[in-house]
Amino acid sequence: MKPHPFDYVRADTVDEVTALLTEHGDAARVLAGGQSLLAMLNLRLLEPSLLIDINRIPGLAEIKEAGGKIEVGAAVTQNRLLAWPGLKDKLPFLAVALPFVGHFQTRNKGTICGSVAHNDPSSEIPLSLAMLQGEVVLRSQRGTRTVSASEFQLGMLTTARRPDEMVTAVRFPVQTARRVAFREVARRHGDFAIIAAAAIADGDRIRFGVGGMAGKPSIREFTAGADLADAINAIAWELEGYEDQHATSRMRRDLLRRLGPAVIQEALQCAG
Ligand SMILES: Cc1cc2nc3c(=O)[nH]c(=O)nc-3n(C[C@H](O)[C@H](O)[C@H](O)COP(=O)(O)OP(=O)(O)OC[C@H]3O[C@@H](n4cnc5c(N)ncnc54)[C@H](O)[C@@H]3O)c2cc1C
C-alpha cells in the first residue's frame with residue numbers, strides 16, 4: 001500500500017514546529033528517523049495531512065550533560081548515542097540495551113526521542129527510559145514541560161504528549177549503579193522483542209523491568225535473596241501478557257519466567 005497524500009515541511013526551528021503543531025494538531029506528525037512512522041503511513045494506520053521534518057534544526061542533534069543528567073536531543077540517532085564516548089561510563093545500562101534496537105542501518109536513522117514518542121511496548125528505548133527513571137522534555141507554544149517516564153508512558157503507542165507538543169529531548173540521570181543486564185527474545189536478530197527483560201543491581205537492591213508483556217514497560221524493585229522465581233511468576237500472572245501474531249499470552253508468561261531470573265542473576269554477577 002502507499003501512504004495517503006500528505007504535505008511535507010522541513011522545519012528550521014523548534015518554534016516553527018510548535019507553530020505548525022498548534023495549527024494542525026493531530027493532523028500533523030513530526031518526522032524524525034521515519035523508521036516507524038513510514039511503516040505506519042504505508043499501512044495507512046496513520047493518515048496525517050502534514051509531516052514536519054525536524055532533522056535539520058540546528059542544536060537538536062546534541063548530547064549534553066548538566067545537573068547530573070544526560071540530555072539527548074530530538075535528532076540524536078540511536079547509533080550516535082551508542083558511539084558517544086561517555087556512554088559506558090555514564091549510562092552503562094543503555095550501553096548494553098541499545099545494540100538490541102533494530103539493525104545498524106535502522107539505528108543510523110532512528111532517533112532516541114522518536115522511539116520514546118512512538119512508545120511501542122516491545123521497544124528497548126522506552127523500557128530503558130523507565131528503568132533509568134528518565135524524563136521527557138515537551139515543548140509547545142504554551143511553554144516547556146518536563147514529565148517523568150512513568151507519567152509519559154500511558155499505554156500501547158500512547159503517551160502524555162499533547163497534539164501541539166514536540167518532544168525536544170529526553171534526559172537520563174547519570175547512573176551510579178553499574179551492574180546491569182539486558183536480555184530479550186525475538187524471532188530474528190534486529191526484530192522487535194517478543195519479551196525484553198532488564199535488571200540493574202545496586203547493593204542488594206535490584207530494579208527489574210519487562211517490556212513486551214503489557215502496553216507499557218513494567219518496573220519492579222526486589223531485594224537480593226528474595227525468591228526470584230516466585231516473584232517473577234507473580235509478575236507474569238499480574239501482567240498476563242498480550243496476544244499478537246508473534247506469541248500467545250501464555251508463551252509471553254513462560255518467556256518472562258525464564259528470562260527474568262536469568263537477567264537478574266546476570267546483573268548480580270556483573271563486575272560493574
Ligand atoms: C527493520 C526495522 C527493525 C526495527 N527494529 C526495532 C527494534 O528491534 N526495536 C525498536 O525499538 N525499534 C525497532 N525499529 C523501529 C526504530 O527503532 C525506530 O527508530 C523508532 O521506533 C522510532 O524512531 P524514529 O526516529 O525513526 O521515529 P519516526 O519513525 O520518525 O517517528 C515515530 C513516531 O514518533 C513521533 N515522533 C518522532 N519524533 C518526535 C518528536 N521529537 N516529537 C514528537 N513526536 C515525535 C512521530 O510523529 C511518529 O508518530 C525497527 C525499525 C525497522 C525499520
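Positions are given from 1, in the same order as the sequence printed here. Both ligands and their constituent atoms are indexed starting at 1 by order of listing.
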Task: Ligand-side contact atoms (ligand 1) for residue partner I54, heavy atom cut-off under 4.0 Å - done: 41 (N)

- [ ] Around atom 33 (C) of ligand 1, find the nearest protein heavy atom and jot down its residue, atom name and distance.
- [x] H118 ND1, 3.8 Å

Open item on the list: Using heavy atoms and a 4.0 Å limit, tell me yes or no: is I125 in contact with ligand 1?
Closed with: no

Task: Of all pairs that satisfy salt bridge (Lys or Arg N to Asp or Glu O under 4.0 Å), the ones with a partner from residues 191-201, not counting sequence neighbours - done: R188-D191

TODO: For the pair R253 and E240, find out whether any cationic side-chain nitrogen is under 4.0 Å from an anionic carboxylate oxygen.
DONE: no

Open item on the list: Can you confirm whether I200 sits close enough to L132 that some side-chain heavy atom of one is under 4.5 Å from a side-chain heavy atom of the other?
Closed with: yes

Task: Heteroatom distance test (V30, ligand 1): nitrogen or oxygen, under 3.5 angstrom - done: yes

- [ ] Please confirm whether the backbone N or O of G203 pairs with a side-chain atom of R179, one donor and one acceptor, at under 3.5 Å?
- [x] yes

- [ ] Heavy-atom contacts with S123 under 4.0 Å: which atoms of ligand 1 show up? List them by number with element.
- [x] 10 (C), 11 (O)

Task: Heavy-atom nearest option to atom 28 (P) of ligand 1, drawn from G114, A39, A74, G34 - done: G34

Task: G102 N/O to ligand 1 N/O under 3.5 Å - done: yes

- [ ] Measure the distance from atom 14 (N) of ligand 1 to every protein heavy atom, then report the residue, atom name and distance (to 0.1 Å) of the closest one.
- [x] F192 CZ, 3.4 Å

Open item on the list: As an exercise, identify every atom of ligand 1 less than 4.0 angstrom from a heavy atom of Q35.
Closed with: 16 (C), 18 (C), 19 (O), 26 (O), 29 (O), 51 (C), 53 (C)

Task: Lys/Arg N to Asp/Glu carboxylate O, D202 vs R207, below 4.0 Å - done: no

Open item on the list: One residue to check: T106. Relative to ligand 1, which of side chain, backbone, both or neither has a non-hydrogen atom less than 4.0 Å away?
Closed with: side chain

TODO: Between M40 and ligand 1, find which residue part has any heavy-atom pair under 4.0 Å and reply side chain, backbone, both or neither.
DONE: neither

Open item on the list: Tell me whether R252 is salt-bridged to D244, with the criterion being a basic N under 4.0 Å from an acidic carboxylate O.
Closed with: yes

Open item on the list: When you compare ligand 1 with G110, is there at least one nitrogen or oxygen pair between them that comes in under 3.5 angstrom?
Closed with: no

Task: Shortest protein heavy-atom distance from atom 36 (N) of ligand 1, along with the residue and atom involved - done: A117 CB, 3.6 Å

Open item on the list: Pair L228, Q265 - check side chain to side chain contact (heavy atoms under 4.5 Å, CB included), show working.
Closed with: CA-CA 9 Å; L228 291 179; Q265 285 307 335; 3.7 Å; yes

Open item on the list: I'd like to check the salt bridge (charged side-chain N to carboxylate O under 4.0 Å, His left out) partners of R145; sequence neighbours left out, ordered by chain and number.
Closed with: E165

Open item on the list: Nearest non-hydrogen contact with atom 23 (O) of ligand 1 belongs to which option: P121, S122, S115, G211?
Closed with: S115

TODO: Could you tell me whether the side chains of T223 and R205 share a donor-acceptor contact shorter than 3.5 Å?
DONE: yes

Open item on the list: Under a 4.0 Å threshold between the charged nitrogen and the carboxylate oxygen, would R162 count as salt-bridged to D26?
Closed with: no

- [ ] Could you check atom 41 (N) of ligand 1 against the protein and tell me its nearest heavy-atom contact, residue, atom and distance included?
- [x] V167 O, 2.8 Å

Task: Distance from atom 15 (C) of ligand 1 to nearest protein heavy atom, with residue and atom - done: S36 OG, 3.5 Å

- [ ] Could you tell me whether the side chains of T146 and E135 share a donor-acceptor contact shorter than 3.5 Å?
- [x] no

- [ ] Measure the shortest side-chain to side-chain distance between W84 and V72 over non-hydrogen atoms and say whether it is less than 4.5 angstrom.
- [x] no

Task: Q78-ligand 1 polar pair, N/O distance under 3.5 Å - done: yes

Open item on the list: Among all the protein's non-hydrogen atoms, which is closest to atom 31 (O) of ligand 1, and how far away is it?
Closed with: L37 CB, 3.8 Å

Open item on the list: Taking 4.0 angstrom as the limit and counting only heavy atoms of G33, give me the atoms of ligand 1 inside it, by number and element.
Closed with: 24 (P), 25 (O), 26 (O), 27 (O), 30 (O)

Task: Connected via hydrophobic side-chain network under 4.5 Å: V167 and I52 - done: no

TODO: Return yes when R161 approaches ligand 1 closer than 4.0 angstrom through a heavy atom, no otherwise.
DONE: yes

Task: Carboxylate-amine/guanidinium proximity below 4.0 Å for R220 and E238 - done: yes

Task: Atom indices of ligand 1 within 4.0 angstrom of D191 heavy atoms, with elements - done: 8 (O)

Task: Per-atom contacts of ligand 1 with F100, taking only distances under 4.0 Å to non-hydrogen atoms - done: 8 (O)

Task: For atom 49 (O) of ligand 1, the protein heavy atom that lies nearest, with its residue and separation - done: R29 NH1, 3.4 Å

Task: Closest protein heavy atom to atom 9 (N) of ligand 1, given as residue, atom name and distance to 0.1 Å - done: E124 OE1, 2.8 Å

